[in-house]
Amino acid sequence: MRFAPNPSGPLHLGHARAAVLNDAYVKRYGGKLILRIEDTDPARVFPPAYEMIQEDLRWLGVEVHEVVVQSSRLEIYYEYARKLIEAGHAYVCECTSEEFQKLKLAKKECEHRSKSVKENLEDFERMFTEYKEGEAVLRLKTGVDLRDPAMRDFPIMRISETPHPRVKARVYPLMNFSVAIDDHLLGITHVLRGKDHIVNTRKQEFIYRFFGWRMPEFIHYGRLKIEGVALSTSKIKEGIEAGRYASWDDASLGTLRALARRGFRSEAIRKAMLEVGVKQSDISFSWKNLFAYNRELIEPIANRYFFVASPVEVVIEGAPEFSREVRLHPDHPERGSRKLELTPEQGIASVFIAHSDYEKLREGSFMRLMEGFNIEIVEKGKEKAKARFHSFELDEAKRRKAPLIHWVPAQENIAVKVVKPDRIESGVGEPSLAKVKRDDVVQFERYGFARVDEVGEGVVAYYAHP
RNA sequence: GCUCCGGUAGUGUAGCCCGGCCAAUCAUGCCGGCCUUUCGAGCCGGCGACUCGGGUUCGAAUCCCGACCGGAGCACCA
């Protein structure tokens, strides 16, 4: 089998489906998976992508047995093109695409179709020397009166004068030609790809027939619609150049490296893609499903911390001296604990709570600072509230169905920035966050899971999901 | 317009080829409960679908026809 991306950028969720599914078939039934990089359109080649694609596949756990780069195989395509011309199955056409389209729709042959083999062979060589880009293509003689206009004498070789980063060339095979030649020569027995290739499969069938080759088995799966992310590699590239995205792993992108940066595990992505399968109907991919799979994987490893987004100050009168060890993970005492502390001065201490919690408070509200104690709101201002210490007992809070709210001491805390797909949220985190390391996946209680991306003055975390 | 494909709960999926064991599977989601010092995890319960209309048949999610809806392709991109 094969996975055949364009080297126009790193892999995204759409590629992951093709890669994972092909990999899964190979692992299940035995065989070989070839990574074939299809770089026959010099205009769309992004040089770093050759390496990025392989990195992404390794991350995904896709086992590649062989790597083939099409630009290294141009001579092979030329050779088979000549064979086709010699057999009278192809001709060099000088029509412009508009002219040919008109003829094609009218089921009319163009004047170049009736040239002799000799003339065609000569003209083909001229594509390497004389013709300019757009002046000539090599067409396959499939018939101009075929039912499907798309099938009629489609082109298989063209000229591009855009320099190619890997090779010096000007004549390139078109996708349907190089794919058919390679699939056969590389011994591909099963092709698993998106249904946007169904028409291509029928085109490639002509080439197989002309050479008398046996067709591989084809499986086409439907489109994957993913809410809210840009998947088109060319659009992402534009966005990066225009400054809308910081890089290929910008939190708002659907690239695999963006997901990895946010703390997604490749196993979760594999599972989601395997679950989606190879149905030919289109599907709306739901993030919630992927979140659930990922949560299952990271929940056991993510230590808990308090992070307060958009902090608002609450001043507590009569606050007790308070210090307490709390588990880093409720189910894993062996992982140790973190210390929550509050040191009042003259009976007054101040904490930050999240703006979203603050909004729900009223004067007289009774609430509990998680892992701490119960307080009562005395006075609520716009940006600050006054509260009074009430009691220590958790039971009291439960009995009164008080909200349990996470908090951070106002005097001692760490600046935290959480980068989410749609915005960056700033806030403060508890002092023990000083101990987290880059790449740790943590859970900010009552907020969500995130991966630590940067530690220094403060902490920068990339948000994964709730 | 032309060529081709597909339609099972909010989402994904099993079942369809080989009709009965399907008043339809599993997961996720949502709602509720228990537990828990998270809106997390776990446990328990609930919600929720065969697009519609004909036909064949003793019997249809499954076979046939039509309608409707959705999608893909019709490039000198892959």
Side-chain angles (χ1 to χ4, degrees), chain A residues 4-8 36-44 70 93 95-98 100-101 104-105 127 131 133-139 146-152 154-160 171-176 178-179 193-203 220 222-225 227 233-234 271-277 279-293 295-296 298-300 302 304-306 324 326-327 329-331 340 356-357 368-374 393-395 397-398 402-406 443-449 465-466:
Chain A
N6 262 52
S8 50
R36 187 173 67 219
I37 298 185
E38 306 207 329
D39 57 347
T40 53
D41 181 4
R44 299 208 338 183
Q70 286 191 319
C93 174
C95 297
T96 63
S97 53
E98 297 79 27
F100 188 82
Q101 191 181 13
K104 176 172 84 175
L105 292 175
M127 284 178 70
Y131 289 116
E133 179 168 334
E135 287 181 354
V137 292
L138 185 67
R139 292 190 180 278
L146 264 22
R147 277 173 70 86
D148 187 346
M151 297 296 139
R152 295 172 193 162
F154 62 85
I156 56 175
M157 284 273 182
R158 57 125 185 194
I159 297 167
S160 172
V171 179
Y172 295 91
L174 265 341
M175 179 258 187
N176 282 303
S178 48
V179 163
R193 44 156 48 158
K195 74 176 184 185
D196 42 326
H197 288 294
I198 287 179
V199 176
N200 293 325
T201 299
R202 290 195 291 136
K203 287 185 175 181
H220 295 105
R223 301 271 293 186
L224 191 63
K225 283 179 287 191
E227 324 145 9
T233 310
S234 55
K271 185 173 177 183
M273 294 306 160
L274 255 16
E275 175 73 17
V276 155
K279 279 216 309 193
Q280 212 177 319
S281 43
D282 298 344
I283 51 185
S284 307
F285 179 79
S286 164
W287 285 102
K288 288 188 174 173
N289 287 327
L290 180 59
F291 290 170
Y293 298 150
R295 186 153 48 226
E296 201 179 330
I298 64 176
E299 189 279 331
R304 271 53 168 175
Y305 292 98
F306 288 164
R324 185 187 162 128
V326 181
R327 283 181 189 175
H329 191 291
D331 305 329
L340 288 174
S356 53
D357 286 326
R368 181 175 181 82
L369 300 176
M370 277 172 70
E371 309 283 0
F373 47 81
N374 308 322
E393 293 72 31
L394 173 63
D395 287 346
K398 277 186 168 173
L404 301 174
I405 287 174
H406 62 288
Q443 189 195 58
F444 291 135
E445 297 207 42
R446 301 181 62 235
Y447 187 83
F449 293 92
H465 50 73

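Below, chains carry the letters A, B, ... as their sequence lines are ordered, and counting in each starts from 1.
Contact of A:Arg446 with B:rU37 (side chain to base): no donor-acceptor pair of N or O atoms is detected under 3.5 Å. A donor and an acceptor atom sit less than 3.5 Å apart, one in the side chain of A:Arg304 and one in the base of B:rU38. No hydrogens or angles were tested; on distance alone, nothing pairs the side chain of A:Gln280 with the base of B:rG6 as donor and acceptor under 3.5 Å.
Geometrically, A:Arg139 engages A:Phe100 in a cation-pi contact defined by less than 6.0 Å to the ring centre and at most 45° from the axis.
Between B:rG19 and B:rC64, the two P atoms lie 11 Å apart (nearest whole Å). Using P as the reference atom, B:rG55 and B:rG12 are 32 Å apart when rounded to the nearest Å. The same atom, C1', is picked in B:rA49 and in B:rU25; the two are 12 Å apart, to the nearest Å. With P as the reference atom, B:rG45 and B:rC5 are 45 Å apart, rounded to whole Å. Across the C1' atoms, B:rG32 and B:rG73 are found 49 Å apart, a figure rounded to whole Å. With C1' as the reference atom, B:rU56 and B:rG10 are 35 Å apart, rounded to whole Å. Going from the P atom of B:rA27 to that of B:rC17 covers 26 Å, rounded to whole Å. A distance of about 13 Å separates the P atoms of B:rC39 and B:rG33, rounded to the whole Å.
Across B:rU37, B:rA78, B:rG12, the shortest atom-to-atom separation from the side chain of A:Met175 is found for B:rA78. If you check B:rG7, B:rG73, B:rU37 against the side chain of A:Val199, the one that comes closest is B:rG73. Candidate nucleotides B:rA78, B:rG71, B:rA27 were compared by shortest atom distance to the side chain of A:Asn289, and B:rA27 ranks first. Minimum atom distance to the side chain of A:Arg295 is reached by B:rG40, of the listed B:rC74, B:rG40, B:rG71.
The nearest heavy atom of RNA chain B to A:His197 and to A:Leu394 marks one nucleotide each, and the one closer to the 5' end goes with A:Leu394.
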Could you provide the dot-bracket string of RNA chain B, using ( ) for intrastrand pairs, [ ] for crossing pairs and | for bases paired to another strand, with Watson-Crick or G-U pairs below 3.5 Å? (((((((..(((.......[.....)))((((((.......))))))...(((((..]....))))))))))))....
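Look at A:Gln443 and you won't find any side-chain N or O under 4.0 angstrom from OP1 or OP2 of B:rU38. Of the side-chain N and O atoms in A:Lys279, one or more sit less than 4.0 angstrom from OP1 or OP2 of B:rU13. Of the side-chain N and O atoms in A:Lys398, one or more sit less than 4.0 angstrom from OP1 or OP2 of B:rU37. Between B:rU37 and A:Arg327, no contact under 4.0 Å exists linking OP1 or OP2 to a side-chain N or O.
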